[in-house]
Visitor: 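Questions regarding the structure given below will be posed in turn.
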Amino acid sequence: MSGSLLVDNIGELVTNGIGEGPLGIRRDAAVLVEEGRVAWVGPSAHAPAADRRVDAEGAAVLPGFVDSHAHLVFAGDRAAEFAARMAGQPYTGGGIRTTVGATRAASDDELRATVRRLRAEALRQGTTTMEIKSGYGLTVADEARSLRIAAESSTETTFLGAHVVPAEYADRPDDYVELVCGPMLTAAAPHAKWVDVFCERGAFDVDHARAILVSGQAAGLGVRIHANQLGPGGGVQLGVELGAASVDHCTHLSDADVAALVGTAHSDGSGTHTVATLLPGAEFSTRSPYPDARRLLDAGVTVALATDCNPGSSYTSSMPFCVALAVREMRMTPAEAVWAATVGGARALRRTDIGVLTPGARADLIVLDAPSYLHLAYRPGVPLIRQVMRNGVPQ
Ligand SMILES: [Zn+2]
């Protein structure tokens with residue numbers, strides 16, 4: 001769509017840039033969009049003319065959500081496992097193998113349909129950028145095709161061949177790690193931007209994780225890691241050691257883990273180079289204790305929120321739901337949670353062109369059916385996303 005577009009009559013504009021408070025809020029504002037980018041931000045009364053106009057009617061406008069952690073390439077679901085867990089059985093991560101079997105048996109078109117369905121579902125809830133991981137194929141061919149299909153829906157694709165050791169390698173995990181670092185990585189890398197490992201007891205230990213992440217780096221991929229979700233371990237510190245963009249979950253952290261993250265702080269005070277991405281949908285859906293967001297925020301660590309959308313431990317695509325959980329259950333303020341769900345996610349993907357609404361940024365924005373961002377946590381479970389634009393194009 002060509003020509004300029006003006007969104008005006010914005011009652012409360014969250015810029016995450018210049019304005020009031022940590023969210024950079026402007027009142028009675030307007031945003032001019034040209035060629036998919038924010039061209040101007042200012043008072044609605046002084047807005048320039050444009051080819052087209054969207055009247056926000058006094059509502060709040062925010063940057064689109066950036067969901068930096070999602071597993072969308074899979075087949076089947078695990079509703080029965082969820083029911084069993086809610087009836088008292090613990091979550092161990094072992095159910096991943098159930099989804100691996102279903103994914104391997106699925107056709108490309110079946111996988112593609114699931115990715116598109118979930119991506120569209122998230123978009124309706126305001127997610128304008130969504131990272132997508134592989135990790136339910138766990139063969140050279142199935143990981144490569146998972147990433148090929150993921151890349152049709154996102155530029156933020158992540159190779160997670162090290163999600164779990166597949167059943168056929170159960171008694172020889174070293175051989176599986178060799179496969180991941182060798183032929184699987186070679187087949188996956190052309191379709192991936194990131195490499196990730198589920199570093200956890202029962203999945204991959206620190207030595208295996210290091211070998212895989214270092215191989216991924218050598219192939220040109222950026223590093224992210226599933227760390228310290230189910231118990232304490234060396235995942236967070238390994239992520240920091242390797243310069244990871246993000247360490248994800250962070251549910252069980254030692255003082256040394258927090259100190260390691262703080263040690264990655266930028267000298268300009270803009271936060272930490274390695275982001276701690278919290279995934280409260282996983283704790284909600286596995287009925288587990290939530291990560292201590294306040295401890296991280298008070299220490300100065302950059303925090304992101306993401307859905308962890310996957311069929312086992314967190315089958316939600318809703319960033320507003322995660323914002324509400326973060327506020328109610330993790331003691332984040334509404335402003336901290338909205339920051340973490342937008343620009344925090346952008347930092348976790350090392351992106352500066354999204355998560356903000358300042359001149360030059362991508363015109364990815366959402367218009368709420370509410371006068372303030374506060375309503376995202378204040379009115380949980382309510383569909384408050386009135387309109388979504390990506391690259392300035394109404395969706
Ligand atoms: Zn995950």
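In each ligand, atom 1 is the first atom listed, and ligand 1 is the first ligand listed.
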Visitor: How long is the gap from CD1 on I225 to CG on L213, to the nearest 0.5 Å?
Guide: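 Answer for the CD1-CG pair, I225 versus L213, is 5.0 Å.
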Visitor: Indicate yes or no: does D55 engage R53 in a salt bridge with an N to O separation below 4.0 Å.
Guide: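 Yes, this pair counts.
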Visitor: Protein N/O/S atoms under 2.8 Å of the Zn ion (ligand 1)?
Guide: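 Listed by chain and number, the atoms are H69 NE2, H71 NE2, H226 NE2, D308 OD1.
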Visitor: Begin from the C-alpha positions of D196 and K133 and carry the test side-chain contact (heavy atoms from CB on, under 4.5 Å) through to its verdict.
Guide: CA-CA 8 Å; D196 192 348; K133 301 177 195 297; 2.8 Å; yes
Visitor: By the side chain to side chain donor-acceptor pair (under 3.5 Å) test, which pairs, at least two apart or in different chains, include something from residues 384-395?
Guide: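 Sorted pair list: R362-N391, D369-R386.
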Visitor: Considering all heavy atoms of both residues, which atom of A276 and which atom of L261 are nearest to each other, and what is their separation?
Guide: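 For A276 versus L261, the nearest heavy atoms are CB-CD1, 4.3 Å.
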Visitor: Using 4.0 Å as the upper bound for N to carboxylate O, is an ion pair formed by R172 and D175?
Guide: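 Yes, D175 and R172 are salt-bridged.
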